[in-house]
Structure formats: structure tokens, C-alpha cells
**Student:** 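Dropping the structure in here first, questions after.
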There are 2 protein chains.
Amino acid sequence: MEKPRLSESQEDYLKEIFKLREMNETVSMQDLARKLDVRPPSVTGMIKKLCAMNLVEHEPYKGVQLTETGEKIALEVLRHHRLLELYLARHLNYSWDEIHEEAERLEHVISEKFEAAIADLMDHPTHDPHGDPIPTADLEIPDSPSLAPLPSLKGTRSIVIGRVMTQDRDILSLLFRLELTPGQEIELIKNEAAGIRVRINGSQYLVPHSIARLIWCENTET
Amino acid sequence: MEKPRLSESQEDYLKEIFKLREMNETVSMQDLARKLDVRPPSVTGMIKKLCAMNLVEHEPYKGVQLTETGEKIALEVLRHHRLLELYLARHLNYSWDEIHEEAERLEHVISEKFEAAIADLMDHPTHDPHGDPIPTADLEIPDSPSLAPLPSLKGTRSIVIGRVMTQDRDILSLLFRLELTPGQEIELIKNEAAGIRVRINGSQYLVPHSIARLIWCENTET
DNA sequence: ATTGAATTTTAGGCATGACTAATATAACAC
DNA sequence: GTGTTATATTAGTCATGCCTAAAATTCAAT
Ligand SMILES: [Mn+2]
Ligand SMILES: [Mn+2]
Ligand SMILES: [Mn+2]
Ligand SMILES: [Mn+2]
């Protein structure tokens with residue numbers, strides 16, 4: 001059993017399969033093409049290779065799945081990514097919307113030593129600035145509070161944002177200005193046709209559904 | 001005039017040409033092949049491309065030279081590399097012999113934002129842990145004290161190490177154990193056939209010529 | 001069951017950046 | 001000057017990872 005180091009592309013494929021699997025039941029070739037910003041034939045080719053390496057399994061028209069080994073690698077890359085995001089924010093004064101892009105490149109390039117160094121420095125954090133869980137050093141996903149998308153919450157009450165499900169710079173920068181960030185306590189006023197009305201630190205907003213559905217909150221039963 | 005981002009390979013070629021030029025009068029295709037650890041035909045091919053991009057000039061059997069533009073890029077990469085080395089040593093607890101390898105990969109991947117962030121954090125340093133000058137943000141080489149290789153120094157006197165001319169991990173780790181690092185004051189005892197006899201912090205060594213010639217010292221005229 | 005649409009794969013190409021084997025050219029020693 | 005050696009180039013391959021155009025397959029709706 002060799003360990004021939006994967007290419008950046010291959011690492012991104014595995015990582016993306018993992019992330020898509022977290023959301024959807026099944027991961028299609030097209031999903032991958034969309035997320036990775038390549039054409040479908042490229043996905044076919046790469047998946048074929050990853051299959052041959054026993055990193056993924058593929059049932060045509062049914063979906064792609066990671067093998068044990070493939071998942072380990074995906075988690076390794078994800079750990080790099082999320083540790084880096086937090087590090088850039090905390091230690092290098094990156095703003096909320098800048099960290100993803102930089103981490104996307106660095107994740108493939110840092111050594112295990114680098115990973116360990118920043119993890120130590122930050123006291124082995126469990127979540128990144130977007131609320132995404134950071135896999136532990138032995139590649140387990142840390143426990144997270146159970147979360148639900150903002151539009152699914154009923155009643156009028158006070159809740160806490162746990163995670164934002166986007167990496168889009170424009171949306172992130174908007175969320176930041178609206179103080180819609182993980183850890184923030186918000187008051188649920190009313191679920192209206194156009195969006196969710198909330199109060200945050202005194203001021204009231206109507207958060208459009210397109211945005212509200214990206215905001216997942218701690219699901220404290222009333 | 002486009003700015004199509006160079007590949008890591010191309011950046012390494014430019015950087016290596018610059019570094020070789022600092023030492024030797026002329027830079028041959030073979031020098032490059034050796035340093036970059038590729039075969040000569042690969043160099044021919046790449047140099048041809050870099051010529052077409054107006055980043056280098058090449059007179060066969062005479063040598064390779066950077067153009068203005070090529071040199072700017074080389075300095076940019078070199079700045080990344082040396083800032084990173086210092087950063088890894090200072091902020092992430094890397095040892096002297098580990099920094100080069102990591103910086104070699106990171107240098108191609110960090111953004112200008114990252115560069116500026118670590119430069120700020122370290123108060124715009126002028127030299128890396130090996131004593132190599134760090135090009136400034138506007139890509140000038142900072143003034144360094146005039147240095148000379150240890151074996152070339154005459155007389156018996158006290159001098160200060162300014163720079164070590166190697167990136168070899170084994171040699172670096174040796175130098176570190178012997179306290180032969182930039183900033184270190186050493187006492188020149190005698191230039192012998194086998195090497196240079198010196199006293200450092202009380203103890204005496206015979207530094208073999210193969211190593212001594214890598215140690216450049218501030219040339220304080222007696 | 002049939003048909004039309006969506007999904008996926010095949011076929012064929014292209015750019016990069018390496019390689020080996022063979023050839024050409026310059027430099028140098030006599 | 002000639003011949004030998006070091007240096008450089010050419011020619012031809014290969015692996016990656018992407019692409020477009022076209023064909024195949026499955027799904028879904030009637
Ligand atoms: Mn990536
Ligand atoms: Mn994140
Ligand atoms: Mn490099
Ligand atoms: Mn250095």
C-alpha cells in the first residue's frame with residue numbers, strides 16, 4: 001500500500017463529495033460538476049480514477065460515495081480548510097468573507113506540522129468562523145448542537161445562530177453587516193411571506209427567505 | 001498586457017535564476033537543471049516559454065538572464081519565501097531546518113493580503129532566519145552588511161555571522177547545533193588546512209572547509 | 001408502453017510539464 | 001586545426017486534468 005499523495009484536484013473532488021453528502025441524500029455527477037466548476041465529462045474521468053484508487057464508489061445514475069479511505073482524506077482536507085479559516089481570521093486579521101478563498105488554496109499545501117502548529121496555537125477549536133465543525137486530529141467530526149434552518153423555526157422566541165451554510169463572499173459580507181453570525185442571539189418575530197422578521201441587538205430586519213434558509217440555528221425546544 | 005498568473009514551476013524557474021545569478025556570473029541551462037532537479041531538456045523547453053513571455057533572455061552557451069519583468073516576479077516569490085520562513089520560525093515554532101521546505105510550497109499560494117499580513121505582524125523584517133535579505137514590498141533588495149565567506153577572512157579576531165548559504169536540512173541542523181547562526185559572534189582562531197578553528201561561546205571547534213565556505217560573515221576591517 | 005428530457009459516458013483534443021534517446025553545437029586541450 | 005568533451009537542443013512519449021461534440025442511457029410523464 002503506497003501513499004502517493006493526491007493532486008489538489010483529487011483532494012477537492014473528495015472534499016466536495018463529502019460536503020454534498022452532508023446535505024443531499026445522494027451525490028450526482030452533475031452536482032459535482034456544478035460545485036467544482038468543471039464540465040460533466042471531466043467528472044466522469046476523475047471519478048473513474050478515484051474509483052480505481054478505491055477512494056470512491058460509483059453506481060451510475062445512483063450516486064457517488066466515499067469509501068472509508070476516501071472519507072479519511074476528505075476529512076483531512078476539511079480539517080486543514082477549517083483550521084486555516086479560523087487561523088486567518090484570528091491571527092492574520094482576515095475578514096469573514098476573505099478566509100474561504102485563501103484557505104481553499106492553502107489547504108492542499110500545508111504539512112501535518114503546520115496543521116498541528118495552528119491547532120495548538122488556537123487550543124484545538126471545534127468550529128470554524130462559519131460554524132462548520134472542524135474534524136479532530138484523528139478525523140472524527142466533533143459534536144455540534146442540533147441545528148435547523150431559520151425558516152423552519154416556529155413561534156416567537158430568542159434563538160442563537162449556529163452555522164451559516166454558504167461560502168459566497170457577497171452573502172457572507174452581507175450577513176456580517178447584519179450581525180447574522182454564529183453565536184449571535186436573535187429574536188424571532190414573525191415568519192412572513194417575504195421572509196423572516198427578526199430583532200438583533202435592538203434593530204429589526206426582514207431577512208429574505210433566500211438568505212434565511214442559509215442560517216441554521218440552535219434548535220432549543222420552546 | 002495581461003497578467004495570466006504563472007505556474008508554480010515557472011515561478012520556481014525565475015526564482016532559481018535570480019538566486020544563481022547572485023552567486024555565479026552566468027547561469028547555464030545545466031545549473032538550472034541541477035537546482036530545480038529536472039533534466040536539461042525540460043529546462044530548454046521551459047526557458048523557451050519564459051523567453052516568449054519576455055521574462056528571461058537566453059544566449060545559448062552564454063547564459064540565461066532575467067528581464068525587468070522577470071526579475072520583479074522572482075523578487076515577489078523570494079519575498080514570499082523569506083517572509084514565510086521567518087513567520088514559520090517566529091510564530092509557529094518551526095525549527096531552523098524545517099522552514100525552507102514548507103515555505104517552498106506556500107510561497108506560490110499565498111495572496112498579497114497574506115504577504116502583507118505577516119509582514120505587518122513581524123514589523124517589516126529585512127532578513128530571514130538564514131540571513132537572506134527579504135525584498136521590500138516594492139521589491140527592492142534591502143541593504144545588507146557587506147559579507148565575506150568565513151575561509152576568506154584573515155587574522156585572529158572577533159566577527160559576526162551574517163548569512164548561511166545553504167538550504168540543506170542536514171547542514172542547517174548541524175550549524176544550529178554548533179551555534180553557527182546569523183547574529184552569532186565568533187572568534188576566529190586560525191585558518192588551518194582542514195578547516196577554520198573558531199571559538200563560540202567559550203567552546204572551540206574546527207569547522208571543516210566544506211561547511212565554513214557556506215558561512216558568510218560581516219567583513220569588519222581590522 | 002412510448003416518448004421526450006435529463007443525466008452520463010465516449011471519443012477525440014489540447015495545454016502543461018515532465019521524461020528518454022539521439023543529435024547538434026560550442027568549448028577546450030593538444 | 002583536430003578531436004574530445006561538455007553543453008544544449010530536438011524528437012518523440014507520457015500523465016494530468018481539463019474541454020467540446022456526439023452518443024448512450026436512464027428517468028419521468030403521459
Ligand atoms: Mn481547494
Ligand atoms: Mn467554513
Ligand atoms: Mn517553490
Ligand atoms: Mn532563507
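Each chain gets a letter, A, B and so on, in the order its sequence line appears, and its residues count up from 1.
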**Student:** Among dT8(C), dG17(D), dT20(D), which nucleotide has an atom closest to any side-chain atom of P40(A)?
**Tutor:**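 For P40(A), the side-chain atoms sit closest to dT8(C).
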**Student:** If only side-chain N and O atoms of S9(A) are considered, is one of them under 4.0 Å from the OP1 or OP2 phosphate oxygen of dT16(D)?
**Tutor:**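 It does not, given that no N or O in the side chain of S9(A) lies less than 4.0 Å from OP1 or OP2 of dT16(D).
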**Student:** Without decimals, in angstroms, what is the distance between M53(A) CE and dT16(D) C1'?
**Tutor:**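 Going from CE in M53(A) over to C1' in dT16(D) covers 11 Å.
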**Student:** Send over the distance from L32(A) CG to dG17(D) C1', rounded to a whole Å.
**Tutor:**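 Spelled out: CG on L32(A) to C1' on dG17(D) is 15 Å.
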**Student:** Between S42(A) and Y61(A), which is nearer to the 5' end of DNA chain D once each is assigned its nearest nucleotide?
**Tutor:**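 Closest to the 5' end, via its nearest nucleotide, is S42(A).
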**Student:** Over how many whole Å does the gap from K49(A) atom NZ to dG17(D) atom P extend?
**Tutor:**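 Nearest whole value for this atom pair: 5 Å.
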**Student:** Looking at Q10(B), I'd like to know whether one of its side-chain N or O atoms comes within less than 4.0 Å of OP1 or OP2 on dG17(C).
**Tutor:**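 Checking dG17(C) against Q10(B), a side-chain N or O does come within under 4.0 Å of OP1 or OP2.
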**Student:** Contact between I47(B) and M29(B) at the side-chain level, heavy atoms closer than 4.5 Å - yes or no?
**Tutor:**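 Yes; the side chains approach each other to less than 4.5 Å.
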**Student:** Quick one: is dG17(C) close enough that its OP1 or OP2 comes under 4.0 Å of any side-chain N or O from S7(B)?
**Tutor:**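 For dG17(C), OP1 or OP2 has a side-chain N or O of S7(B) closer than 4.0 Å.
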**Student:** Rounded to the Å, how far apart are D31(B) CG and dA6(D) C1'?
**Tutor:**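 My rounded result for the distance is 13 Å.
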**Student:** Does H58(A) make a side-chain N or O approach to OP1 or OP2 of dT7(C) shorter than 4.0 Å?
**Tutor:**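 So the side-chain polar atoms of H58(A) never come under 4.0 Å of the phosphate oxygens OP1 or OP2 of dT7(C).
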**Student:** Before you tell me yes or no, could you show the steps for T166(A) and D168(A) under side-chain hydrogen bond (donor to acceptor under 3.5 Å, both in side chains), namely the whole-Å CA-CA distance, both residues' side-chain angles and the distance that decides it to 0.1 Å?
**Tutor:** CA-CA 6 Å; T166(A) 181; D168(A) 183 277; 5.4 Å; no
**Student:** Given dT16(C), is OP1 or OP2 found less than 4.0 Å from the side-chain N or O atoms of Y13(B)?
**Tutor:**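 Answer no for this pair, as no side-chain N or O of Y13(B) is under 4.0 Å from OP1 or OP2.
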**Student:** Run the ring-centre check on H100(A) versus H130(A) and record whether the distance is less than 6.0 Å.
**Tutor:**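 No, they do not, as the ring centres are separated by 6.0 Å or more.
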**Student:** In whole Å, what is the span from the NZ atom of K62(A) to the P atom of dT9(C)?
**Tutor:**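 So the two atoms are 15 Å apart, to the nearest Å.
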**Student:** Rounding to an integer number of Å, can you tell me how far R39(B) CZ sits from dT23(C) P?
**Tutor:**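 Spelled out: CZ on R39(B) to P on dT23(C) is 21 Å.
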**Student:** Once you round it to whole Å, what is the distance between C1' of dA27(C) and CE of M29(B)?
**Tutor:**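 Rounded to whole Å, this separation is 17 Å.
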**Student:** Please confirm whether the backbone N or O of L32(B) pairs with a side-chain atom of Y13(B), one donor and one acceptor, at under 3.5 Å?
**Tutor:**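 Between the backbone of L32(B) and the side chain of Y13(B) there is no qualifying donor-acceptor contact (under 3.5 Å).
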**Student:** Using a strict 4.0 Å threshold on nitrogen-to-oxygen distance, state whether K15(A) and E104(A) make a salt bridge.
**Tutor:**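 Salt bridge between K15(A) and E104(A), a charged N being under 4.0 Å from a carboxylate O: yes.
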**Student:** Return whichever of P60(A) or M46(A) has its heavy-atom-nearest nucleotide of DNA chain D closer to the 5' end.
**Tutor:**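 The residue mapped nearer the 5' terminus is M46(A).
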**Student:** When the distance from CG of D12(A) to C1' of dT16(D) is rounded to whole Å, what number comes out?
**Tutor:**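 That distance rounds to 15 Å.
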**Student:** Choosing from dC19(C), dC18(D), dT7(C), which nucleotide comes nearest the side chain of V38(A)?
**Tutor:**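 Comparing dC19(C), dC18(D), dT7(C) against the side chain of V38(A), the answer is dC18(D).
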